[in-house]
Amino acid sequence: MESGAVTIIRNCGLFCGLSEASFAKIAEIARIVRFKRGQMIFREGDPCPGIYVVGEGAVRIFKLAPNGKEHVLHFAYPGATFAEVAAIGRFNCPAFADATEDSVCALVPEAGFRRIADEDHAFCIEMMTGMAKWVHTLVGLLEDLVLRDATSRVARHLIQSDSSEGQAEFTLPMRKKDLASHLNLTSETLSRTLHRLVECGLIETREQRIRICELPKLQDVADGLAPAEFA
């Protein structure tokens, strides 16, 4: 057992529904792994190493089209997991993952996780709580792509990224290129959308820094209810 790994998984939503007895089993097999910025963690089709929980840094999970175009599925930040679906479903990694910052993760090895799941029915039931939260996140992502236009998607992402609720500047949590891919936009569309929001006085931008100037109006845009400036 590594104390650092235990601290990381203790703050992870996926394992929030575990009893102390079940958590102890996961903590017993978890170990720390470290990745340098830009390091590939796994590739699509690789055997799944297990469930990763981010403790420090950030990890990008993405797909590659046959023409080489990347599509960012999501970013995993501290407290978040990746490769969990493959580990639970017992299939190979369905996407690529690389570290966008120097990162420290806890790894729950696939073989050990499978053994616990096979031997402990109560553990499987408890895991459903964490998986339900992950499904909720995926439904939200699907809702964005299907029900919101480009401007609404960008506005919603900015609001979600701003922990100050419009009181201070914040840094975009990813490169604009990756943000565009994550929102299923081209880089040009993202740039035009941000420029439009600036022109309407809803936000201010400075490189990767953003300040929300008119939070209620930006929320209207995120909800698809365009304010007068967008009419």
Look only at the side chain of S103 and the backbone of A99, and say whether a donor-acceptor pair between them is shorter than 3.5 Å. no
Would you say that F170 contacts I212 through its side chain, given a criterion of any heavy-atom pair below 4.5 Å between the two side chains? yes
Can you see whether F23 has R10 sitting over its ring - NZ or CZ less than 6.0 Å from the centre and within 45° of the normal? yes
Quick check against the 3.5 Å criterion: does Q39 have a side-chain atom that pairs as donor or acceptor with the backbone of K36? yes
Validation row: Y52, T81 side chains within 4.5 angstrom (heavy atoms): no
Residues 87-107 vs ring pair (Phe, Tyr, Trp, His ring centres under 6.0 Å), sequence neighbours excluded, gives F62-F96
Thinking salt bridges, do D98 and R60 make one under a 4.0 Å N-O criterion? yes
Salt-bridge contact K177-E70 (side-chain N to carboxylate O under 4.0 Å): no
Do E188 and R192 sit within salt-bridge range, that is, some charged N less than 4.0 Å from a carboxylate O? no
Does a side-chain heavy-atom distance below 4.5 Å link L158 with L194? yes
Taking 4.0 angstrom as the limit, do E169 and R206 come out as a salt bridge? yes
Should D118 and R115 count as an ion pair when the cut-off is N to O under 4.0 Å? no
Going by heavy atoms in the side chains, are F113 and I51 under 4.5 Å from each other? yes
